[in-house]
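Report on the following structure.
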Amino acid sequence: MDCYTANWNPLGEETFYRKLELYSMEWGLREDLRDCVVAAAPYGGPIALLRNSRRDKTPSARPLLEIYSASGLLLASVPWKSGRLVHLGWTAGEDLLCIQEDGTVLVYNLFCEFKRHFSMGNEVLQNHVLEAQVFHTEFGTGVAILTGALRFSLATNIDDLKLRRLPEVPGLQKPPPCWAVLSQDRVTVVLLAVGQELFLLDNTSCSVVSPPGLSPSAGPFLHMAVSFTHRHLALFCDSGTVWMGTASLKEKFCEFNTGIRSPPKQMVWCTRPRSRQRAVVLAWERQLMVVGNSSECIRFVLDEDSHLVPELDGVRILSRSSHEFLHEIPEASQEIFRIASMAPGALLLEAQKEYEAASFGKCFLDRFPPEGFVRMCQDLRVLNAIRDYQIGIPLTFTQYKQLTIEVLLDRLVLRRLYPLAIRICEFLRLPEIQGVSRILAHWACYKVQQKDKSDEEVAQAINQKLGDTAGISYSDIATRAYDCGRAELAIKMQKKPTTNYPNLSVPPNPTVPVPVPVPVPVPVPVYTVVLHLKNELNRGSFFMTLQNQPVALSLYRQFCRHQERETLKDLYNQDDNHQELGNLHVQGGYSQQRIEGRVAALQNALDEFYKAKNDFAAKATEEQIKLLRLQRHLQEELDKPYLDLSLHDTVHTLILDGHHKRAEQLYRDFRIPDKRYWWLKINALATRGDWEEMEKFSKSKKSPIGYLPFVEVAVKHHNRYEAKKYAPRVPPEQRVKAFVLVGDLEQAAEAAIERKNEAEMSLVLARCSAATDGAVAEKLNRARAQLLKK
């Protein structure tokens, strides 16, 4: 097994790293990468280059913007005719962002086709852009700008553009040597270095922070890197020291002295999810170094100028001739391939080729569920297909699972690889609505944009390809054609679903009688006729027949609701009934076990509700998607189940666990009414027994629910001592009840007498005991007598 481990490099005693070639690049670059502006999208995404941007060979040479696949195949190129480019970056949806010196951001698709543009504001326009970064958070893709006035501006989501100007950094006279965007507790901040000081900029303040445990001799900070998940931070110092810790700067992982004082060209994290090893990759002119929580490091010689692309579970390394992947060897692989390993996987490999042996052996296991094995084989075939040189999407298994098959199919559609996307859907047996139908609809929308073909040719091609495929809305295709200025084609598309259907006055088949209205209410004969027609007619003719029979259509919908939900979607799709389509997506989403599938279904429902112009349903669905994503984040971070809880239960559970700031964030983000939130919080604090926090909360501001609930909650949890603290703060009209609840009948009597309220006096008298409360009872009787005399 030596050949498997020949390129394994140890980092410490238990961790190994490997650098392997993904592709031999044939993109024909004559320039070094250092002479180009380079941006590569994560998850094996495309590569954007702006050539001749820094060193023009002739004065009239115009820079060339090119987009390549990860294997080096040219997807598109266009001469750069806009302003001076400062930075390139990719969105989560694989759109290219081109940030210009004047603050204008141009958005292109994978094929260098211009989509839109937006500006980072007048201040950026006046002071110009010195540096820029594109970053990704749970809110979407964001852009951060450092202007010539040495001020930072950022937008956390370019699809919902809200510009924020961050506070000024005191004493900043020149651009900082390094800065990075962090995402902490759902808040986006900027961390920058000025000499030996670190400054953290949030919405309102600029604060000085320091990494814990950093050696005093480390010197000024020259470089910093944030991990792919925004959880870890690495700092490179003037002395050659690399500090690694949490992005919150609360914990230090390790410190390593590289022995090289010059700053690296790039520094990125290279850590596998759930790995105990934390490692950073540093690249200089001709050297690559991997350092982690070990006294040793790994060194690689670079033959060419290279560019590092951080990934979820490793680092891609681009050069003029090759595309490599550096990653940590998973523990399972170590157990299989380590020399003299006796792990079950190693024995299986030694016995026979892994696939044949596993496939043969599983037949003799009675309790072995085959689904996992079959699913893994399917996933590997999909990964091999997309890693092909002509496709050029080198996803790892970890990235594939994080990305999900739905997003992968979207990316194939964006690359216009429709046949491969359809083959994958058919191979994985995905439902037509989620797979083949959706892809064919995208293909049809792309087809109507082809200007080199006549309307008739396009309409005929779409009709032949789509045929009777379920779940395709011709109205969407017609809308796209109309938006492209092809009104005649749009009309043909609108007519297309009905042009191939026979005239209902003539039997489509001589052996099938013409459907006639069935008397109501006799459902059984109607079902008999409907099911007979379903078996005899093709799908399109059957649906059109039902359109003219309201009773039959209504009953068939009821049948589909219980037996054939996918067919029900087709019916609603044909009628453009977006409201019911949205309802079906919501119901289908909650039958999904995986959160990604549920969110995808709710996103489809959201689109349908918007089309139906049901703003209330759309808003509620949008809020639910937001809550699900937040619950998944909480579940991963706090290691406690939060999924499927209501918003109120989520807030209640967070307070029970002592996460008050997170609960406050939900209260603000979801605009929970003040009264409801106060009720939630005091109930949770009382259940938790956190009476000190409850008292602080009562004094934070005037209670919107009053203070009687504080008394009631404390009494309910058998703590009259705490309840007595709030009784005096209760308004006069409720004070008697409060004092009665805490058992202070004397104070209750005083309050009732002061208010001269006979009913309240009677209430207190009913609670008085002759043995212990005689004086209070006598006092109340006198007051009542005086009140009756008047």
**Message:** What's the separation between atom CG in Leu409 and atom CD1 in Ile422, rounded to the nearest 0.5 Å?
**Reply:** 10.5 Å
**Message:** Tell me which one of Lys453, Arg480, Glu457 satisfies side chain to side chain contact (heavy atoms under 4.5 Å, CB included) with Lys447.
**Reply:** Lys453
**Polar side-chain atom of Thr396 near backbone of Gln399 as donor-acceptor pair, under 3.5 Å** = yes
**His117 atom NE2: more than 12 heavy-atom contacts under 6.0 Å** = no
**Request:** Identify, with sequence neighbours excluded, every residue that meets ring pair (Phe, Tyr, Trp, His ring centres under 6.0 Å) alongside Tyr400.
**Result:** none
**Asked** Got Gln100 and Ser82 here, is their nearest side-chain heavy-atom distance under 4.5 Å?
**Response** yes
**Asked** Which residues pass the side-chain contact (heavy atoms from CB on, under 4.5 Å) test with Ala618, sequence neighbours left out?
**Response** Leu606, Phe609, Tyr610
**Prompt:** Does Asp95 have any side-chain contact (heavy atoms from CB on, under 4.5 Å) partners at least two apart in sequence or in another chain, and if so, which?
**Reply:** Thr91, Val107, Asn109, Lys115
Contacts under 3.5 angstrom, residues 66-73 side chains, donor-acceptor by atom type, not counting sequence neighbours:
unit_1, atom_1, unit_2, atom_2, d
Glu66, OE1, Arg51, NE, 2.6
Glu66, OE1, Arg51, NH2, 3.3
Glu66, OE1, Tyr68, OH, 2.9
Tyr68, OH, Arg51, NH2, 3.0
Ser69, OG, Ser71, N, 3.4
Ser69, OG, Ser71, OG, 2.9
Ser69, OG, Leu73, N, 3.2
Ser71, OG, Tyr389, O, 2.7

**Prompt:** Side chains of Trp90 and Leu96: does their closest heavy-atom pair fall under 4.5 Å?
**Reply:** yes
**Message:** If I take atom CE from residue Met120 and atom CD1 from residue Ile158, how far apart are they, to the nearest 0.5 angstrom?
**Reply:** 10.0 Å
**Item:** Partners passing ring pair (Phe, Tyr, Trp, His ring centres under 6.0 Å) against Phe135 (at least two apart in sequence or in another chain)
**Value:** none
**Message:** Ignoring hydrogens, what is the shortest heavy-atom contact between Arg411 and Tyr43? Give both atom names and the distance.
**Reply:** NH1-CB, 3.6 Å
**Prompt:** Got a salt bridge between Lys626 and Asp669, using NZ or NE/NH1/NH2 to carboxylate O under 4.0 Å?
**Reply:** no
**Message:** Has Thr188 got a side-chain atom pairing as donor or acceptor with Ser183's backbone, closer than 3.5 angstrom?
**Reply:** no
**Item:** Non-hydrogen atoms of Ala385 and Ile391 that approach each other most closely
**Value:** O-CG1, 3.6 Å
**Request:** Would you mind checking if Asp379 and Arg375 are paired as a salt bridge, meaning a charged N to carboxylate O distance below 4.0 Å?
**Result:** yes
**Message:** Tell me whether Lys401 at atom NZ has more than 12 heavy atoms from other residues, nucleotides or ligands lying less than 6.0 Å away.
**Reply:** yes
**Asked** Please walk me through it: do Asp455 and Val448 pass side-chain contact (heavy atoms from CB on, under 4.5 Å)?
**Response** CA-CA 8 Å; Asp455 292 348; Val448 300; over 6 Å; no
**Message:** Let's go through Leu380 and Met376 carefully: what are the C-alpha distance in whole Å and the side-chain angles of both, what is the deciding distance for side-chain contact (heavy atoms from CB on, under 4.5 Å) to 0.1 Å, and is it a yes or a no?
**Reply:** CA-CA 6 Å; Leu380 292 176; Met376 178 59 73; 4.3 Å; yes
**Request:** State whether the number of non-hydrogen atoms from other residues, nucleotides or ligands found under 6.0 Å of Arg416 atom CZ is greater than 12.
**Result:** yes
**Request:** Please round to the nearest 0.5 Å and tell me the distance separating atom CG of Leu49 and atom CG of Leu64.
**Result:** 9.5 Å
**Message:** Run the ring pair (Phe, Tyr, Trp, His ring centres under 6.0 Å) test against Phe114 and tell me which residues pass, sequence neighbours left out.
**Reply:** Tyr108
**Asked** Considering only heavy atoms from C-beta outward, does the side chain of Leu110 approach that of Glu94 to under 4.5 Å?
**Response** yes
**Request:** Could you go through the side-chain contact (heavy atoms from CB on, under 4.5 Å) check for Ile439 and Cys425 one step at a time?
**Result:** CA-CA 9 Å; Ile439 293 166; Cys425 291; 3.4 Å; yes
**Prompt:** Hey, are the side chains of Glu426 and Val436 touching, using non-hydrogen atoms and a 4.5 Å cut-off?
**Reply:** yes
**Item:** Asp410 vs Arg415, salt bridge (charged side-chain N to carboxylate O under 4.0 Å, His left out): CA-CA, chis, key distance, verdict
**Value:** CA-CA 9 Å; Asp410 287 342; Arg415 287 164 172 76; over 6 Å; no
**Request:** Check whether any side-chain heavy atom of Cys484 lies under 4.5 Å from a side-chain heavy atom of Lys451, and answer yes or no.
**Result:** yes
**Glu608 and Lys613: CA distance, side-chain angles, deciding distance, salt bridge (charged side-chain N to carboxylate O under 4.0 Å, His left out) verdict** = CA-CA 9 Å; Glu608 297 298 338; Lys613 297 182 179 180; over 6 Å; no
**Salt bridge flag under 4.0 Å for residues Glu311 and Arg316** = yes
**Asked** Can you tell if the side chain of Ile145 reaches within under 4.5 Å of the side chain of Leu154, non-hydrogen atoms only?
**Response** no
**Message:** Please find the pair of heavy atoms, one from Pro394 and one from Gly44, that lie closest to each other, and give the distance.
**Reply:** CD-O, 3.5 Å
**Message:** Between Val458 and Arg486, is there a side-chain heavy-atom distance shorter than 4.5 Å?
**Reply:** yes
**Fill in**
Leu414 and Gly93 have their tightest heavy-atom pair at CD1-O, 3.4 Å
**Fill in**
When rounded to the nearest 0.5 Å, the distance separating CD1 of Ile424 from CD1 of Ile386 is 6.5 Å
**Request:** List the steps and the verdict of side-chain contact (heavy atoms from CB on, under 4.5 Å) for Leu106 and Leu97.
**Result:** CA-CA 6 Å; Leu106 308 180; Leu97 302 183; over 6 Å; no
**Request:** Count the heavy atoms belonging to other residues, nucleotides or ligands that lie under 6.0 Å from CZ of Arg429, then report whether that count exceeds 12.
**Result:** no
**Item:** Test item: Leu440 and Ile462 side chains (from C-beta on) under 4.5 Å apart, heavy atoms
**Value:** no
**Reported CD-to-CD distance for the pair Gln603 and Glu406, which is rounded to 0.5 angstrom** = 12.5 Å
**Request:** For Val181 and Ala144, work out which heavy atoms get closest and say how close.
**Result:** CG2-CB, 3.7 Å
**Item:** Any donor-acceptor N or O pair under 3.5 Å, side chains Thr141, His136
**Value:** yes
**Asked** Taking all non-hydrogen atoms of both residues, which atom of His307 and which atom of Val38 are closest, and how far apart?
**Response** CD2-CG1, 3.8 Å
**Message:** Please report the interatomic distance CG(Asp388) to CG(Leu383), rounded to the nearest 0.5 Å.
**Reply:** 13.0 Å
**Request:** Please check if atom CG in Asn122 has more than 12 non-hydrogen atoms from other residues, nucleotides or ligands closer than 6.0 Å.
**Result:** no
